[in-house]
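Encoded as C-alpha cells, the structure appears first; notes follow it.
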Amino acid sequence: MKIASVIELADRVRRGEISAVAVAEDTLARIDRDNGQLNAFLTVARTELLEQARAIDDKRARGQALGPLAGVPIALKDALCTRGIRTTCASKMLGEYVPPYDATVVSRLRAADALLPGKTNMDEFAMGSSNENSAFGPARNPHDRERTPGGSSGGSAVAVASGMTPASLGSDTGGSIRQPAAFTGAVGVKPTYGRVSRFGLVAFASSLDQIGPFASDVRGAARVLSVIAGADGRDATCLPAPCDDYEGACGKAVRGLRVGVPEEYFTGGLDPEVEASVRAAIARLESDGVAIKKVHLAHTRHAVATYYVIATAEASSNLARFDGVRYGLRVTGAEEHGKHAQGGALRAMYGATRDTGFGDEVKRRILLGTFVLSAGYYDAYYLKAQKVRTLIRRDFDRAFGEVDAIVCPTSPTPAFKLGEKTSDPLAMYLSDVYTLPASLAGLPAMSVPCAPTTAGLPVGLQVIAPVLKETTMFALAAAWEAARAS
Amino acid sequence: MDKAQIHHVAELAELSLTEVEEQRLAVEMSAILTYVAELDALDTSDVPPTMQTIAADREPERSWRSDEVRPGLSHEDALAQAPSVEHEGFSVPSFVE
C-alpha cells in the first residue's frame, strides 16, 4: 500500500480520522516487512515510538491543538543525536554511543508532534556517495537491490522511497541529501547554509554541513523544513533571518520566472538517458511559461578537487574528538606502548582506538585533511582550494544576476551497482560533481524526480536558488512535480 | 606520497596504521593529490579565500546572546558514556613516566 503524504497524514491525524498509534503500528509493520531487504534503519525505537503516538492521541483527546507534523513518522539519519537512543554515525567508533541530549532539529520535530521511528543507515561519518562505507553494511536501492541508494544519507532516502516513512531527515555536505534523493526517486532538500541549526549533528565539514528533509513530495519537504528551520542560540552559524512560507511557495505560479541552464553540467560523463530526462523536464517548464536561459558556471569542473581539500581538512579537525576518552570506543593498544617516545600508553590508546574505530574511507579523509593542513602544504592545498571556492561562488553570483534559479541534473548517472566504485576512491568522488558547487557556495538546492530511465531507475532534476531563496526553489520544484503528474 | 610521508601524517593524526594500510594509502593518496593538483592551473593571485560562505556575509545580522547562566549537561550525563571513569572524572592511561 502506498504511504500517505506528510500533509495528508498530518491532516487526518489532526482531524481524528486516524490515531497516531495506528500510524505508528503501520510504520513498524512496514519497517518489519522491508527493512531486512533494504537495511535502511540501523535502530528502530519501537517503545519510544508507541509512547510518542499515545502522547499525541492523549493530547488530541484532551482537546489540545496538534502540531504541523501531527502523527507523521520521520526517520532520522544516524548522525543526529537522539537522547537515550543509540546514535552510531554508522561507525564502530560510536557503535554503542547513547547521546545525553537531542539535536535541535529532533527537539523541533518532537514539538511539532512528529513520530520518530528510528535511525537510518549512512556512510560512516557521512563520508561517501553510496552508503557502502557504513560499518553496518549498505542500505539498498528499493528500485534495484543490487544498486546503491546513494549516500551519504542513503538510509533516509530509502525509508522514504520504499514507503516506510513519508519523510526523513538527512545531512548534506557535498550532496548527501540530493544525490540519494535522485538515486531513489525521493524529493531531497539542502537548505541554505545556516538555515537549519546543526546543534546535535555529528560534525563532518563545518563550513559545508547542513541538515535537510527528504519527503515523498515537494510540499511535504517544505512542511518539514518549515518546522526545523530558523535561528537557534545553540548554533552560532544558524542564521537569524526569519523563515519564509515554504509550503505556500509550492503551487505559486512560475510563469515568467527566469531559469538558467548551466552548459557545464551537460558535458562529458553525463549519462545520455539522464540528460534526456532532465532536458525533457526543462522543455516542459519552458512550455509552461518559464523563461529558460543559458548560463555559465565556468569553474564547475574544479569543484571536486576544491571540495576534497576543504571537506577533508575540516573533517580531520572535527574527528580529532574521537580519541577514546569521553565517549565511544576505547582500545588500549598495549602492544604499541613502546612506539611513542612521549606519552606512551596514552598515545598508543589514541592511535589504536582510531585505527580500530574508523573505517578505510574515514582514515583516508583524515589523512588527506591532516596533510593539506600540515606545515609546508597549507598554502599550496588548503588556501588554494579556499581561493578556488571564491571563484565558484562568483560564478553563481554572476549567474544569479541574470536568472532567478538554476536547473540541471542532480547526478551524472542513475544509481550505480554496489561494489562498482568501491576500489577507486577518486571515481566515487567524481560522482558528486553536480552537487558540490552549490555546497561550496552555501546555496539552497534540491532534487526532485523526473522521468526514470528505460530500466526504471530514478533520475533527479536539481534546482539551485540564491541564498535564502528557498521559496523560488520550492515553487519551481512543485511546478515541475505538478506538470509531471498531469 | 611515499610510505614515510604517510607514516608522518598518520602520527600527526594519531592513527596507528598497519604496514599494509600505509602501503595502500600511499598509492591512493598519491592518486588523489595528483588529481587535486589540477587547481594549480588556475591563477588565484588576486582572489581572496572563502573561509565561510553565508554567515560571514551576514555578520551585522548576528548578535551576541545574553550572558546568562543556563543549565548544561549534568555531571552524571557528561560521564555516562565515558569508557573509563575514576574519581568522578574521565580516566586515561598514564602519560607521564
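All chains are named by letter (A, B, ...) in the order of the sequence lines, taking the proteins before the strands, and each is independently numbered beginning at 1.
- Considering CD of B:Gln5 and CZ of A:Phe371, their distance stands at 6.0 Å, rounded to 0.5 Å.
- For A:Lys363, the NZ atom counts as densely surrounded, since its 6.0 Å shell holds more than 12 non-hydrogen atoms of other residues, nucleotides or ligands.
- Among A:Tyr429, A:Tyr97, A:Phe358, the residue making the largest number of heavy-atom pairs under 4.5 Å with chain B is A:Tyr97.
- Both the backbone and the side chain of B:Leu39 come within contact range of chain A, judged by heavy atoms closer than 4.5 Å.
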Show your working on side-chain contact (heavy atoms from CB on, under 4.5 Å) between A:Val372 and B:Val36 and close with a plain yes or no.
-> CA-CA 11 Å; A:Val372 300; B:Val36 166; over 6 Å; no
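- Neither the backbone nor the side chain of A:Tyr308 comes within contact range of chain B; no heavy atom of the residue lies under 4.5 Å from a heavy atom of that chain.
- B:Leu12 and A:Ser374 get closest at one heavy-atom pair: CD1-CB, 4.2 Å.
- For chain A, the option among B:Ala31, B:Pro49, B:Ser91 with the highest count of heavy-atom pairs below 4.5 Å is B:Pro49.
- With a threshold of 4.5 angstrom between heavy atoms, A:Leu426 approaches chain B through side-chain atoms but not through N, CA, C or O.
- At a 4.5 Å heavy-atom cutoff, the contact between B:Leu73 and chain A is made by side-chain atoms alone.
- Proximity to chain A (any heavy atom under 4.5 Å) is shown, for B:Met51, by both the backbone and the side chain.
- Closest non-hydrogen pair, B:Asp77 versus A:Pro100, comes out as CB-CB, 3.9 Å.
- Taking both residues in full, the closest heavy atoms of B:Pro83 and A:Gly328 are given as CG-O, 3.5 Å, listed atom of the first, atom of the second, then distance.
- Looking at A:Val325, both its backbone and its side chain come within 4.5 Å of chain B, counting heavy atoms on both sides.
- Not one N or O on the side chain of B:Gln81 forms a donor-acceptor pair closer than 3.5 Å with the backbone of A:Pro99.
- Of the atoms belonging to A:Leu94, not a single heavy atom falls under 4.5 Å from chain B.
- More than 12 heavy atoms of other residues, nucleotides or ligands lie within 6.0 Å of CZ in A:Arg86, so this atom counts as buried by the packing criterion.
- Each of A:His299, A:Arg364, A:Glu96 has some count of heavy-atom pairs under 4.5 Å with chain B, and the biggest count is that of A:Arg364.
- Contacts of A:Thr192 with chain B are made by side-chain atoms alone, with heavy-atom separations under 4.5 Å and no backbone atom involved.
- In this structure, A:Arg234 places its CZ atom where only 12 or fewer heavy-atom neighbours from other residues, nucleotides or ligands lie under 6.0 Å away.
- Chain B forms more heavy-atom pairs under 4.5 Å with one residue of A:Val98, A:Leu440, A:Val388 than with any other, namely A:Val98.
- Residue B:Ala80 does not touch chain A at all, counting heavy-atom pairs closer than 4.5 Å.
- The part of A:Tyr377 that comes within reach of chain B is its side chain, from C-beta onward, which places non-hydrogen atoms under 4.5 angstrom from that chain.
- For the atom pair CZ (A:Arg347) and OG (B:Ser16), the distance works out to 8.5 Å, reported to the nearest 0.5 Å.
- B:Glu14 places none of its side-chain heavy atoms less than 4.5 Å from the side chain of A:Asp323.
- Comparing A:Leu329, A:Leu367, A:Thr356 by heavy-atom pairs within less than 4.5 Å of chain B, the highest count is held by A:Leu367.
- To the nearest 0.5 angstrom, B:Leu42 atom CG is 6.0 Å from A:Lys384 atom NZ.
- Of all non-hydrogen atoms in B:Thr50 and A:Gln386, the two that sit nearest each other are O-OE1, 2.6 Å.
- When heavy atoms are compared at a cutoff of 4.5 Å, A:Asp424 does not approach chain B at all.
- Remark: A:Tyr327 OH to B:Leu79 CG distance equals 13.0 Å, nearest 0.5 Å.
- Neither the backbone nor the side chain of A:Ile310 comes within less than 4.5 Å of any heavy atom of chain B.
- Per-residue counts of heavy-atom pairs under 4.5 Å with chain A were compared for B:Ala10, B:Pro48, B:Ser84; the largest is that of B:Pro48.
- Of all the heavy atoms in B:Leu15 and A:Arg354, the pair that sits closest is CD2-CB, 3.6 Å.
- The backbone N or O of B:Val9 sits nowhere less than 3.5 Å from a side-chain atom of A:Thr370 that would complete a donor-acceptor pair.
- In this structure, chain B has a heavy atom under 4.5 Å from the backbone of A:Ala441, while its side chain stays farther away.
- For a residue to count as touching a neighbouring chain, one of its non-hydrogen atoms must lie under 4.5 Å from one of that chain's; by this rule A:Arg394 touches chain B with the side chain only.
- In this structure, A:Arg330 and B:Val92 have side chains that are in contact, with non-hydrogen atoms separated by less than 4.5 Å.
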For A:Leu443 and B:Thr53, run side-chain contact (heavy atoms from CB on, under 4.5 Å): C-alpha distance rounded to whole Å, both residues' side-chain angles, the deciding distance at 0.1 Å, then the answer.
-> CA-CA 9 Å; A:Leu443 303 171; B:Thr53 51; over 6 Å; no
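- Within the 4.5 angstrom heavy-atom criterion, only side-chain atoms of A:Arg83, from C-beta onward, approach chain B.
- The OG1 atom of A:Thr390 lies 12.0 Å from the CG atom of B:Asp46; values are rounded to the nearest 0.5 Å.
- Heavy-atom minimum distance, B:Pro93 versus A:Ala345: CB-CB, 3.7 Å.
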